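Worksheet for the structure shown next.
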Amino acid sequence: MYLVLSRGPAGVSLTELDDSGKISRGPDDVVDLAAEVAIRERASAASRWVWDDTSRWYPALLGAGVRVDRCIDLRLCRAILRNSSLTAASALATGAHDGWDEPTPEPRRGGDALFEVDEQPDDGALREFARQRAAVAATANPARIGLLLAAESAGALIAAEMRFAGLPWRTDVHDAMLSDLLGPRPAAEHRPVKMQAVLEAVRAALDSPTLNPDSPPELLGALGRAGLQVQSTRSWELQSIDHPAIAPLLEYKKMARLLSANGWNWLDTNVANGRFRPDYVPGGVVTGRWASKGGGGALQLPRQVRGAVVADPGWKLVVADAAQLEPRILAALSADRGMAEAGSAGDLYAGIVASGAVDTRAHAKVAMLGAMYGATSGESGRLLPRLARAYPRAIAFVEEAARAGERGEVVTTRLGRSSPRGASAGYDETATAADVTRARAEARSWGRFTRNFVVQGTAAEWALCWMAGLRGRLLGLGPARGDFTSGAHLVFFLHDEVVVHCPEDLAERVELELRAAAADAGRLLFGALPIEFPVTVAVVQDYGQAK
DNA sequence: TATTTAAGCGCC
DNA sequence: AAAGGGCGCTTAAATA
C-alpha cells in the first residue's frame with residue numbers, strides 16, 4: 001500500500017493507493033500528521049509513504065518521535081527518472097521541465113514545518129507518482145530501476161535520521177586536541193602561540209619578517225626571493241625542496257588548515273549539546289554520491305579530529321568500511337572473473353600482486369586508481385598496460401565507458417542512473433588547429449568523467465543498498481526500535497564507510513549485521529556473480545581509533 | 001562595499 | 001608519486 005501525503009491550501013491530505021496504484025481511500029484531511037503516521041506505521045509494515053521531499057516532511061516527524069519504515073521521495077526519484085537511459089522514452093523524461101525538476105525549496109523561516117500549509121510543485125504528488133510508476137513499468141526490467149528508487153529514498157530517510165540523532169562529539173576532547181597542536185585558544189584575530197612560533201621560523205628562514213603565509217602570491221614571492229623556483233605554493237610541490245624554510249612552512253600550512261577548517265570556530269558553529277548534525281544531501285552529486293551543505297563539511301572530516309567523536313558512556317561506535325569498494329564494483333560490473341578472484345581472499349590489491357600483474361601492493365593500488373580515473377601519465381599510466389593484460393575485461397569496461405563519453409554518449413550505472421549529457425561543442429570546418437586540439441582535450445576530459453561515473457555511481461548504489469539493509473536490520477535489534485536514545489542507529493556515512501552508535505552489548509550483533517547487509521547489497525546488485533564485498537569493522541570508543 | 005573566482009586542501 | 005574522477009569549505013584576490 002502507498003500512502004501519499006501532500007500539502008494543499010486546506011492543509012495536509014492523505015491518499016491511500018493499493019499496490020496497483022489505484023486510489024483505495026481518500027484524499028482525507030489530516031489533522032495531526034505525526035499521530036496519523038505513527039498509527040499507520042504500527043498498522044502495516046508493508047506500506048510506503050510517498051511525499052515530495054523527505055527533507056521537508058521527515059525532520060518534524062522525527063522531532064515528534066515518529067519514524068517511518070519506507071518512503072518514496074518523489075523529487076529524488078524524478079531526478080533519476082528524468083535522466084536515466086532506461087526511461088528515456090517515458091512521458092516523464094520527454095515532457096517539459098516543471099517544478100519537480102527544481103531543487104528542494106528552502107524552508108520558510110519561522111514556520112512549523114509539520115503543520116505549515118505549503119504549495120505543491122506545479123501539480124500534485126498523486127499525479128507525479130503516477131507518472132513515475134508509468135515510467136518504471138515501461139522499462140525492460142522494472143525491478144532494476146525500482147531498486148534504485150527505493151534505495152535512494154531510503155537514503156533520504158537515513159540522512160534525516162542521522163542528522164536528527166547527531167554524531168556524538170566531545171567539545172572538551174576537541175578543544176584539548178587543538179590546544180595541544182596549536183596552543184591554547186587565542187583571542188579573536190590572533191594566531192595561537194604554537195602556530196605563531198612556527199610562522200616566525202618560516203619568516204626567519206625566508207628573511208621575510210612580515211610575510212603573510214596565508215597569501216599564496218606573497219608566499220610565492222618570498223620563496224622566489226629565497227631562490228626557490230616553484231610554480232605554486234601547494235604542499236606536495238614544496239615537499240621535495242631542500243631548504244630550512246620548508247619544514248616549518250609545511251607545518252604551518254597543516255596548522256592553518258586545522259585552525260580554519262576544524263578549529264574553535266567550527267566547534268562553536270557546528271557542535272551543540274554534544275552532537276554534530278551535518279546537513280547531508282542525498283543524490284547531491286551527479287554520480288549519486290551524497291553531498292553535504294552548510295558549515296561542517298561532514299564529508300571532509302579530517303582524520304586528525306576524529307578522536308573527538310566519542311561514544312556515549314556505556315556505548316560503542318561500530319565503524320565499518322567497505323574494503324576496496326570501487327575496484328570490486330568494477331570487477332563485478334565487467335564480470336571480470338580474474339579480478340573477482342583476486343579479491344576473494346580479502347585484500348584485492350594483494351591478490352593482484354599474487355597474480356603476477358604488478359610487483360607491489362602500492363603499484364596495484366595506483367594502477368587500479370589510474371584505470372578508474374583515466375590516468376595517462378606517471379607511475380599509474382605506466383602500470384596500466386600490465387593491468388590490462390592481466391584483467392582485460394575490467395580494463396576494457398572502463399575504456400569503453402571513456403570512449404562512449406568521448407563520443408558524447410550517455411553512460412549508465414548498474415541500477416540505472418545515467419550520466420548527464422556532455423556539453424562538448426565539437427568543431428566545424430572553420431575551426432583552427434587550436435580549436436581542434438581544445439575540442440579533443442575536452443572530449444578526453446569528458447571521457448574520464450564517464451569512465452569514472454559508472455564505477456563511482458554503481459559504488460554509490462551499492463553503498464545505499466548496504467546502508468538501507470543495515471537500517472532495517474538495526475531496527476530489528478531489540479525493543480528499542482525507533483528510539484535514538486536506547487537503540488543501535490546510524491550516525492555517520494562517508495561514501496563507503498558507516499558509523500553505528502550503539503549500546504555496548506549490541507556491538508557484536510551490529511558487526512554481524514554490517515557484514516550480512518554488505519553481502520545482501522552485493523547480491524541485490526550483481527545476483528549470483530561470485531564477487532565478495534568484505535567489510536572492515538572496528539568496535540571502538542572513539543572514531544580516531546578506527547584504522 | 002558586496003559578490004564572485006581562484007587557490008589550496010580536506011574527504012572518498 | 002603527485003597525473004587522472006567526484007565533492008565542500010575557508011581565505012585571499014579579483015571584479016562589479
Side-chain angles (χ1 to χ4, degrees), chain A residues 189 212-220 230-241 249-250 252-263 265-266 269-270 278-306 321-327 329-330 360 362-363 365-384 398-399 401-402 405 411 413 417 419-420 441 444-460 462-463 492-498 543 547:
Chain A
E189 313 293 312
N212 171 17
D214 301 321
S215 163
E218 206 181 310
L219 180 56
L220 209 54
V230 283
Q231 299 300 309
S232 75
T233 62
R234 291 187 180 92
S235 290
W236 65 259
E237 190 178 345
L238 300 176
Q239 266 165 23
S240 55
I241 297 172
L249 178 54
L250 292 174
Y252 177 87
K253 279 173 162 283
K254 194 87 184 154
M255 292 168 126
R257 171 74 193 186
L258 175 64
L259 178 65
S260 72
N262 296 96
N265 211 8
W266 181 90
T269 47
N270 291 291
D279 203 349
Y280 297 105
V281 186
V285 179
V286 280
T287 57
R289 274 188 175 181
W290 288 14
S292 66
K293 68 170 183 232
L299 305 182
Q300 300 116 255
L301 272 189
R303 292 182 177 278
Q304 231 180 348
V305 302
R306 293 186 185 178
D321 173 282
Q324 302 125 14
L325 179 59
E326 291 196 354
I329 290 290
L330 173 55
T360 65
H363 280 174
K365 185 173 180 175
V366 79
M368 276 306 307
L369 291 176
M372 292 183 298
Y373 294 158
T376 52
S377 61
E379 183 86 44
S380 185
R382 281 195 296 280
L383 290 166
L384 211 49
V398 282
E399 289 297 328
V411 295
T413 60
R417 194 186 307 260
S419 63
R444 278 196 302 276
S445 170
W446 193 254
R448 284 192 297 274
F449 166 64
T450 54
R451 167 198 295 265
N452 187 251
F453 182 94
V454 280
V455 177
Q456 186 183 120
T458 304
W462 181 93
F492 195 56
F493 171 54
L494 195 57
H495 308 311
D496 59 1
E497 179 174 348
V498 298
Y543 194 8
K547 275 201 294 191

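Just so we're on the same page: letters track the sequence lines, and every chain starts at 1. Model, not experiment: these values are computed from the prediction.
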Choose from [options] the nucleotide whose nearest atom is closest to any side-chain atom of [X].
X      : options               : value
A/Q300 : C/dG5, B/dG10, B/dC12 : B/dG10
A/L494 : C/dG8, C/dA13, B/dC12 : B/dC12
A/S445 : C/dG5, C/dC7, C/dA13  : C/dG5
A/E379 : B/dC12, C/dA1, B/dG10 : C/dA1
A/P216 : B/dG8, C/dG6, C/dA2   : B/dG8
A/F449 : C/dG4, C/dG6, C/dA3   : C/dG6
A/R234 : B/dG8, C/dA1, B/dG10  : B/dG8
A/N452 : C/dG6, C/dA13, B/dC12 : C/dG6

To the nearest Å, give me how far apart [atom1] ([X]) and [atom2] ([N]) are.
X      : N      : atom1 : atom2 : answer
A/I241 : C/dA2  : CD1   : C1'   : 14 Å
A/L301 : C/dC7  : CG    : P     : 19 Å
A/D321 : B/dC12 : CG    : C1'   : 10 Å
A/W266 : C/dG8  : CH2   : P     : 17 Å
A/D214 : B/dC9  : CG    : P     : 11 Å
A/E237 : C/dA3  : CD    : C1'   : 14 Å
A/Y280 : B/dC11 : OH    : P     : 16 Å
A/M255 : B/dG8  : CE    : P     : 21 Å

Item to check | Worked verdict on A/T413 versus A/F453 for side chain to side chain contact (heavy atoms under 4.5 Å, CB included) | outcome: CA-CA 8 Å; A/T413 60; A/F453 182 94; 3.8 Å; yes
Checklist entry - So does A/Q456 reach the base of C/dG6 with its side chain, donor to acceptor, closer than 3.5 Å? => result no
At under 4.0 Å between heavy atoms, what does [X] touch on the DNA or RNA strands: base, sugar-phosphate, or nothing?
X      : value
A/S260 : sugar-phosphate
A/S377 : base
A/R382 : nothing
A/K365 : nothing
A/R257 : base
A/R451 : nothing
A/V286 : sugar-phosphate
A/R289 : base
A/S232 : sugar-phosphate

Next on the checklist: With side chain to side chain contact (heavy atoms under 4.5 Å, CB included) as the criterion, how do A/T287 and A/V455 come out once you've worked through the C-alpha distance, each side chain's angles and the decisive distance to 0.1 Å?
Outcome noted: CA-CA 9 Å; A/T287 57; A/V455 177; over 6 Å; no
Next on the checklist: Can you work out whether A/N265 or A/A375 has the more 5'-proximal nearest nucleotide on DNA chain C?
Outcome noted: A/A375
Checklist entry - Where each residue is assigned the nucleotide of DNA chain C containing its nearest heavy atom, which of A/T287 and A/Q239 is assigned the position nearer the 5′ end? => result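 Upstream on the strand: A/Q239.
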Next on the checklist: Checking A/L301 against A/L494 for the side chain to side chain contact (heavy atoms under 4.5 Å, CB included) test, could you report, in this order, the C-alpha distance in whole Å, the side-chain angles of both residues, the deciding distance, and whether it holds?
Outcome noted: CA-CA 9 Å; A/L301 272 189; A/L494 195 57; 6.0 Å; no
Under 4.0 Å from OP1 or OP2 of [N]: is there any side-chain N or O of [X] that close?
X      : N     : answer
A/K253 : B/dC9 : yes
A/S235 : B/dC9 : yes
A/S240 : C/dA2 : no
A/T233 : B/dG8 : yes

Item to check | Whether A/F493 and A/W290 hold their rings parallel, tilted or perpendicular, with breakpoints at 30° and 60° | outcome: perpendicular
Checklist entry - Just wondering, do A/Y373 and C/dG5 stack (centres under 5.5 Å, planes under 30°)? => result yes
Item to check | Pairing of A/K253 and A/E237 as salt bridge, 4.0 angstrom limit | outcome: no
Next on the checklist: side chain to side chain contact (heavy atoms under 4.5 Å, CB included), that's the test. Do A/Q304 and A/L258 meet it? Break it down for me.
Outcome noted: CA-CA 8 Å; A/Q304 231 180 348; A/L258 175 64; 3.6 Å; yes
Item to check | A/H495-A/Q456 side chain donor-acceptor pair, cut-off 3.5 Å | outcome: no
